[in-house]
Amino acid sequence: MSKIAFIGLGNMGGGMAANLVKAGHDVHAFDLSAEALARAADNGCTTYTSVREAVQGAEAVVSMLPNGAIVDSVYAADVIGQAPSSALLLDCSTIDVATARKVEDAAQAAGYEMVDAPVSGGIAAANGGTLTFMVGGSDAAFAKAEPILAAMGKAVIHAGASGAGQAAKICNNMILGATMIATCEAFALAEKLGLDLQTFYDISSKASGQSWSMTSYCPVPGVGPASPADNGYQGGFAAALMLKDLKLAMEAAASAGADVPMGQRAEELYAAFAEAGNGGMDFSGIIKTFQ
Ligand code: NAD
């Protein structure tokens, strides 16, 4: 059992912290939201009124926060220099590669080991302890992070040095955004050409058009396995979060001088979809754009 501080107990962090408690850890929780803290207390966490109090005496600090600016300010103001320098720092938020490296550099300069460990999998996977973690950091930091992350996920993969977890996450989600749009426009065209959509699925899911977006998350209601399409495009992975990840991918591509025309078009289409008031809808709902 380790004493683990957990910062950010929202949709994702709430379930993750609960799984650390179930694995026998002593979880010291802080969130700005009283509601999130009350849920954490119900799930067996000890709650605190500030980050600084929550990290006192911690052997590890896990954060699951909305964006890079918040991660940067929380670590700079209230984690680095406040948690014991022996504490392992793990940021599981999805943030830009540059900020992840900046925060990790500052932590290392102050004597901490830190990893970026963003996740694949949504709220159900966070609650069920079946997330996939992509981890950036040294071999030594990864070895310490692995058992903590394993209590919250089904797979923990060392992606490389500092920032590599975030790099893997945004490259993966850039594929996901583009393949979902490709799948949606193909189903919409198939329908306009008079094809029965179940028949098209039966063919394409066994042919070279197959992808995760088609066979694990089909955007057409009643076709393929159960997915948010069967639930009015509610639940699942919100289009606004897909847009956030595509924006991070575009920033990273610009800084690396990479040409990403499909990712760029996916970002434009998700931006238009979100601006039309659909940001809260599951990202597969973008099929409505093409129907
Ligand atoms: P969320 O908004 O539900 O939770 C974030 C929590 O952080 C909130 O409870 C908020 O009150 C808290 N918070 C904000 N600023 C804080 C501060 N300064 N100190 C303490 N707490 C603070 O968001 P979420 O859906 O849980 O997402 C968290 C992260 O996980 C994001 O980076 C997101 O991109 C990533 N992610 C989300 C999903 C998903 O399906 N929701 C999937 C993969 C990755």
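Whatever order the structure lists ligands and atoms in, that order sets their numbers, starting from 1. As the structure is a computational prediction, the values presented were derived from the model and not from experiment.
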Note: ligand 1 atoms sitting under 4.0 Å from heavy atoms of Val119 are 43 (C), 44 (C)
So the atoms of ligand 1 within less than 4.0 Å of a heavy atom of Phe237 turn out to be 40 (O)
Under 4.0 Å from atom 2 (O) of ligand 1, can you find at least one protein heavy atom?
no
Work out whether the distance between some heavy atom of Pro118 and some atom of ligand 1 is less than 4.0 Å.
no
Is it the case that Asp91 and Ser63 place a side-chain donor and acceptor less than 3.5 Å from each other?
yes
Geometry only, no angles: is Leu9 polar-contacting ligand 1 at N/O separations under 3.5 Å?
no
With the threshold set at 4.0 Å, does a side-chain nitrogen-carboxylate oxygen contact exist between Arg52 and Asp78?
yes
Which of the atoms in ligand 1, numbered in the order shown and given with their element, are less than 4.0 Å from a heavy-atom of Lys169?
43 (C)
Given the protein's heavy atoms, is any one of them under 4.0 Å from atom 25 (O) of ligand 1?
yes
Nearest protein heavy atom with distance in Å, relative to atom 13 (N) of ligand 1
Leu65 CD2, 3.7 Å
For Gly122, the atoms of ligand 1 under 4.0 Å from one of its heavy atoms are 40 (O)
Given that the side chain starts at C-beta and the backbone is N, CA, C, O, which of these parts of Ile70 lies under 4.0 Å from ligand 1, counting heavy atoms, or is it both or neither?
side chain
Can you list the atoms of ligand 1 that are under 4.0 Å from a heavy atom of Gly121?
42 (C), 43 (C)
Nearest to atom 30 (O) of ligand 1, what protein heavy atom do you find, and at what distance?
Met64 CE, 3.1 Å
N/O to N/O below 3.5 Å, does that happen between Asp31 and ligand 1?
yes
Note: ligand 1 atoms sitting under 4.0 Å from heavy atoms of Thr94 are 32 (O), 34 (O), 35 (C), 44 (C)
How does Leu241 reach ligand 1, if at all, at less than 4.0 Å between non-hydrogen atoms: by side chain, backbone, both, or neither?
side chain
Would you kindly specify which portion of Arg39 sits under 4.0 Å from ligand 1, judged on non-hydrogen atoms: side chain, backbone, both or neither?
neither
N/O of Ser93 under 3.5 Å from N/O of ligand 1, yes or no?
no
Does ligand 1 come near enough to Asn11 that some N or O of the ligand is less than 3.5 Å from an N or O of the residue?
yes
Atoms of ligand 1, numbered as shown, that sit under 4.0 Å from any heavy atom of Lys244
31 (C), 32 (O), 33 (C), 34 (O)
Nearest to atom 14 (C) of ligand 1, what protein heavy atom do you find, and at what distance?
Pro66 CD, 3.7 Å
Starting from atom 27 (O) of ligand 1, find the nearest protein heavy-atom neighbour and note its residue, name and distance.
Met12 CG, 3.9 Å
With only distance considered, is Val74 within less than 3.5 Å of ligand 1 through an N or O on each side?
no
Pull out every atom of ligand 1 sitting under 4.0 Å from any heavy atom of Phe30, numbered as shown with elements.
19 (N), 20 (C)
